[in-house]
Amino acid sequence: MSTEAAPIANNFLRTIVDDDLKSGKHATIVTRFPPEPNGYLHIGHAKSICINFGLAQDFGGRCHLRFDDTNPVKEEQEYIDSIKESVHWLGFDWGEHLYYASDYFEQLYQWALHLIREGKAYVEDLSAEEIRNHRGTLTEPGRESPFRNRTVEENLDLFQRMRAGEFPDGARVLRAKIDMAAPNLNLRDPVLYRILHAPHPHVGDAWKIYPMYDFAHGQSDAIEGITHSICTLEFDAHRPLYDWFLDNLPVPNRPRQYEFARLNLTYTVMSKRKLHELVNSKTVSGWDDPRMPTLMGIRRRGYTPEAVRAFCARIGVSRSDSWIDVSVLEECVREDLNERAPRALAVLRPLKVVIANYPEGQVEEFEAANHPQNPDRGNRAVPFSREIFIEQDDFMETPPKGFFRMTPGTEVRLRYAYIVRCTGVVRDETGAVVEVRCEYDPASRGGSAADGRKIKGTIHWVSAAHCVEAEVRLFDRLFSDPNPDRGGADYKQFLNPQSVEVLPAAKLEASLVEADSETRYQFERQGYFRADPVDSKPGRPVFNRIVTLKDTWARR
RNA sequence: UGGGGCGUCGCCAAGCGGUAAGGCACCGGAUUUUGAUUCCGGCAUUCCCAGGUUCGAUCCCUGGCGCCCCAGCCA
């Protein structure tokens, strides 16, 4: 598919890697994608995955999947499983290189001992609140803890007893002894270990103390031989600390950290907290709700991994804060699906049409192209009869200028079938049009006029007697504001009430009953759809709209 | 009013002292039995602002301005 041919745009990370390879600094590069298993992956993670695995792929290196599992109170096996599945779904493979920071706990502990012996770490008895009070502020330096100058022996003894589980949660922590006056707050004697009597999803109850992110990440990178440790911009201020540990510990390798700007997408929220809230409040049906920016949601909606990868390639990588419009993502799926999706006729909001001069009981079959731009993909037969359904939007009694669908007195083409002319309408007691009457031109079989006259409009239809009824779900953006997080306001006030519309009785061309959830269809003139993998039943599909087609008429 | 980062077209984004890539969006126009697709063409005398260095600056220097991040025993 052409979407795979996404041009490789240059970016600062590729330049760095390229230079390091050319200069011989590294013979081969090693990157890693390091999620914390405390939630499900979202589109922002996809950017990181594509960067890390993509760099390794393009430069002949390798990329590890490493769970940054240093906080057992938030992490769960279910997240580990889901993350692995999502990375695979996106199309990347870590091969043998699946790691857990928790597998390095013993080494990390030994390194902590090393720092203590060097006089570069100490056991802190102050409470969390006291530590905070001693930390100072953005403009004032911090104050040193009264426990900062304990002897090495005492520190060793206390730290070993912390590990042994002798103290309750929160009683003490291990801190690095750096500089309480450092302008970079991360260097004001950061906490290295905290006591947590909590079982860990990967290493069980082996530990009573757990390392903090800063004490685990760089060292894990060093252990694995990571050459380029790529993370998001908010870790920029942690880099001096990252380097401090590598400088003060006998690590086997010297990785470098590089930061890029995280992905911001309009009309959605990305923070784990808010995503959790949407799920817990039942605002959405779950983590895989098709409106969610989670990879599970995007996947269920029907997006292809190719489209997501094309999106990641298109948005680029830089260090400047940026907001990508969701329409860019939407356009990526269209490009992918336009190429691969077989076409079908489906009427979402049916309006009955009776072709008065068409013989009752007669049925004809027309050849419809599965992919008009690609004849190799063959045709299928679509049945036609006297009573059909068309889209409500495709009929107007008093049309605006430029409307060239069905309207009284003018001709319109029924795709692949005949040219018809509307001759009247049937109304219900409220005056609403419930049926349209037409006459067809028998000489226009297949849709072309015998006399060669041009017909401007072509609309889709489905034979009333041959179509199948199905539920179709139309998804739209979850929020009605480009930035629901704007100005600290409650993002929930921007929820789009129309983010999902369920059409219980759409009329589909019969071939669609057999639709499997893997196949994405283009319902002509409407958009791309796929049978929902969860709610569809054999012979009774439920379709999700992945994305609409561009509609320059509707835009007017 | 501490430290760090960032500021190139509506949205992204190349560019690394030699006279503004590309994509998306948008606007034309052509083809079209999907108002889709495809195809052509247009779209920054200018790079946050002001000075300076230089034959020459988006790229270097100085000074402003704006936005983002950091005060978890989260990552």
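Below, read A as the first sequence line, B as the second, and so on, with proteins coming before strands; counting in each chain starts at 1. Computation of the quantities below employed the complete heavy-atom set of this structure, encompassing side-chain atoms and omitting hydrogens, waters and symmetry-equivalent molecules.
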Novice: Output yes when Glu259(A) and Arg239(A) qualify as a salt bridge under the 4.0 Å nitrogen-oxygen rule, no when they do not.
Specialist: yes
Novice: P atom, rA13(B) versus rU8(B): distance in rounded Å?
Specialist: 9 Å
Novice: With no hydrogens and no angle check, do the side chains of Gln526(A) and Glu391(A) hold a donor and an acceptor under 3.5 Å apart?
Specialist: yes
Novice: Is a donor from one side chain sitting under 3.5 angstrom from an acceptor on the other, for Glu224(A) and His64(A)?
Specialist: yes
Novice: Check every strand shown and say whether Arg343(A) touches a base, only sugar-phosphate, or nothing at a heavy-atom separation below 4.0 Å.
Specialist: base
Novice: Whole angstroms only, please: what is the CG-P distance between Leu549(A) and rU38(B)?
Specialist: 11 Å
Novice: Could you tell me how far apart Ile195(A) (CD1) and rG72(B) (P) are, to the nearest whole angstrom?
Specialist: 19 Å
Novice: Hey, is the side chain of Gln522(A) pairing donor to acceptor with the base of rU34(B) inside 3.5 Å?
Specialist: yes
Novice: Identify whether a stacking contact exists between Trp553(A) and rG35(B), where the ring centres must be under 5.5 Å apart and the planes under 30° apart.
Specialist: yes
Novice: When we call it a touch if two heavy atoms are under 4.0 Å apart, what does Tyr193(A) touch: a base, just sugar-phosphate, or nothing?
Specialist: nothing
Novice: What nucleic acid atoms does Val317(A) come within less than 4.0 Å of, heavy atoms only: base, sugar-phosphate, or nothing?
Specialist: sugar-phosphate
Novice: Find the distance Arg132(A):CZ to rC74(B):P and express it as a whole number of Å.
Specialist: 12 Å
Novice: Looking at every strand, decide which applies to Val173(A) at a 4.0 Å heavy-atom threshold: base, sugar-phosphate, or nothing.
Specialist: base
Novice: Expressed in angstrom and rounded to an integer, what is the separation of Ile83(A) atom CD1 from rA75(B) atom C1'?
Specialist: 12 Å
Novice: If I pick the C1' atom on rU45(B) and the same atom on rA57(B), what distance separates them, to the nearest angstrom?
Specialist: 15 Å
Novice: Output, in order, the C-alpha distance, side-chain angles, deciding distance and verdict of ring-ring contact (aromatic ring centres under 6.0 Å, His included) for Phe366(A) and Phe384(A).
Specialist: CA-CA 7 Å; Phe366(A) 293 105; Phe384(A) 180 84; 5.7 Å; yes
Novice: Any side-chain donor-acceptor pair under 3.5 Å between Asp481(A) and Tyr491(A)?
Specialist: no
Novice: Check RNA chain B against residues 448-462 of chain A and give the residues with a non-hydrogen atom under 4.0 Å, in numerical order.
Specialist: Ser448(A), Thr458(A)
Novice: State, without any angle test, whether Glu78(A) and Tyr40(A) hold a side-chain donor-acceptor pair at a distance under 3.5 Å.
Specialist: yes
Novice: Do His134(A) and rA71(B) share a donor-acceptor pair, side chain to base, under 3.5 Å?
Specialist: no
Novice: Give me the distances for all protein-to-nucleotides 2-5 of chain B N/O pairs that come in under 3.5 Å?
Specialist:
{"from": "rG2(B)", "atom 1": "N9", "to": "Leu138(A)", "atom 2": "O", "distance (Å)": "2.9"}
{"from": "rG2(B)", "atom 1": "N2", "to": "Pro183(A)", "atom 2": "O", "distance (Å)": "3.3"}
{"from": "rG2(B)", "atom 1": "N3", "to": "Leu138(A)", "atom 2": "O", "distance (Å)": "3.2"}
{"from": "rG4(B)", "atom 1": "O2'", "to": "Asp236(A)", "atom 2": "OD1", "distance (Å)": "2.6"}
{"from": "rG5(B)", "atom 1": "O3'", "to": "Arg319(A)", "atom 2": "NE", "distance (Å)": "3.4"}
{"from": "rG5(B)", "atom 1": "O3'", "to": "Arg319(A)", "atom 2": "NH2", "distance (Å)": "3.3"}

Novice: Are a donor atom and an acceptor atom from the side chains of Ser327(A) and Glu330(A) found within less than 3.5 Å of each other?
Specialist: no
Novice: Look at Arg340(A) together with Glu306(A) and state whether they make a salt bridge at an N to O cut-off of under 4.0 Å.
Specialist: yes
Novice: Roughly how many Å is it from CD in Glu259(A) to C1' in rA75(B), rounded to a whole number?
Specialist: 15 Å
Novice: Which value, in whole Å, describes the distance between the C1' atoms of nucleotides rG15(B) and rC9(B)?
Specialist: 15 Å
Novice: Distance between the P atoms of rG35(B) and rC49(B), in whole angstroms?
Specialist: 45 Å
Novice: Partner lookup for rU58(B), please. Criteria are Watson-Crick or G-U wobble with both distances under 3.5 angstrom; report none if nothing qualifies.
Specialist: none
Novice: Taking the same atom, P, in rU58(B) and in rG51(B), what whole-Å distance lies between them?
Specialist: 14 Å
Novice: Using side chain to side chain contact (heavy atoms under 4.5 Å, CB included) as the criterion, list what pairs up with Arg421(A), not counting sequence neighbours.
Specialist: Glu411(A)
Novice: Could you tell me whether Leu126(A) contacts a base, only the sugar-phosphate backbone, or nothing, with contacts defined as non-hydrogen atoms closer than 4.0 Å?
Specialist: base
Novice: So Arg314(A), base contact, sugar-phosphate only, or nothing? Heavy-atom distance under 4.0 Å.
Specialist: sugar-phosphate
Novice: Let me know the distance between CE of Met180(A) and C1' of rA71(B), rounded to the nearest Å.
Specialist: 10 Å
Novice: Nearest-Å distance, CD (Glu330(A)) to C1' (rA25(B))?
Specialist: 13 Å
Novice: Pick base, sugar-phosphate or nothing for Leu414(A), based on heavy-atom distances below 4.0 Å to the nucleic acid.
Specialist: nothing
Novice: Identify, between Tyr528(A) and Ser318(A), the residue whose nearest nucleotide on RNA chain B lies closer to the 5' end.
Specialist: Ser318(A)
Novice: Can you tell me the base-pairing partner of rG22(B)? Count Watson-Crick or G-U wobble geometry only, both distances below 3.5 Å, and say none if there is no partner.
Specialist: rC12(B)
Novice: Is a donor from one side chain sitting under 3.5 angstrom from an acceptor on the other, for His217(A) and Arg32(A)?
Specialist: yes
Novice: Verify whether one side chain among Tyr242(A) and Gln257(A) offers a donor that lies under 3.5 Å from an acceptor in the other.
Specialist: no
Novice: Asn11(A) or Asp68(A): which one's nearest nucleotide on RNA chain B is closer to the 5' end?
Specialist: Asn11(A)
Novice: So what does His217(A) touch, heavy atoms closer than 4.0 Å: a base, only the sugar-phosphate, or nothing?
Specialist: nothing
Novice: In whole Å, what separates the C1' atom of rG7(B) from that of rG42(B)?
Specialist: 28 Å
Novice: rC73(B) phosphate, OP1 or OP2: any side-chain N/O from Arg175(A) under 4.0 angstrom?
Specialist: no
Novice: Given rC73(B), rC12(B), rG15(B), which nucleotide is nearest the side-chain atoms of Ala128(A)?
Specialist: rC73(B)
Novice: For residues Glu364(A) and Tyr358(A), is any side-chain donor paired with an opposing acceptor at under 3.5 Å?
Specialist: yes
Novice: Looking at rG41(B), which nucleotide sits across from it as a Watson-Crick or G-U wobble partner, both distances under 3.5 angstrom, or is there none?
Specialist: rC27(B)
Novice: Assess the side chains of Asp189(A) and His134(A): does a donor N or O sit below 3.5 Å from an acceptor N or O?
Specialist: no
Novice: Once you apply a heavy-atom cut-off of 4.0 Å, does Ser127(A) come out as touching a base, just sugar-phosphate, or nothing?
Specialist: base
Novice: Using a cut-off of 4.0 Å on non-hydrogen atoms, how would the nucleic acid contact of Asp551(A) be classed: base, sugar-phosphate, or nothing?
Specialist: nothing
Novice: Using Watson-Crick or G-U wobble geometry with both distances below 3.5 Å, tell me the partner of rG2(B), or none.
Specialist: rC70(B)
Novice: Could you tell me whether Pro372(A) contacts a base, only the sugar-phosphate backbone, or nothing, with contacts defined as non-hydrogen atoms closer than 4.0 Å?
Specialist: base
Novice: Can rG72(B) be described as syn, meaning its chi torsion is within 90° of 0, or is it anti?
Specialist: syn
Novice: Which part of the nucleic acid, if any, lies within contact of Phe404(A), taking any heavy atom under 4.0 Å across all strands shown: a base, the sugar-phosphate backbone alone, or nothing?
Specialist: base
Novice: Between rC24(B) and Ser327(A), is there an OP1 or OP2 to side-chain N/O distance shorter than 4.0 Å?
Specialist: no
Novice: Nearest-Å distance, CD (Gln373(A)) to P (rU37(B))?
Specialist: 10 Å
Novice: Would you indicate what Phe260(A) reaches in the nucleic acid, counting non-hydrogen atoms under 4.0 angstrom: base, sugar-phosphate, or nothing?
Specialist: nothing
Novice: Do Arg413(A) and Thr458(A) have side-chain N/O donor and acceptor atoms under 3.5 Å apart?
Specialist: yes
Novice: Quantified in whole Å, what is the C1' atom distance between nucleotide rC12(B) and nucleotide rC26(B)?
Specialist: 15 Å
Novice: Between rC48(B) and rG10(B), how far is it from one P atom to the other, in whole Å?
Specialist: 13 Å
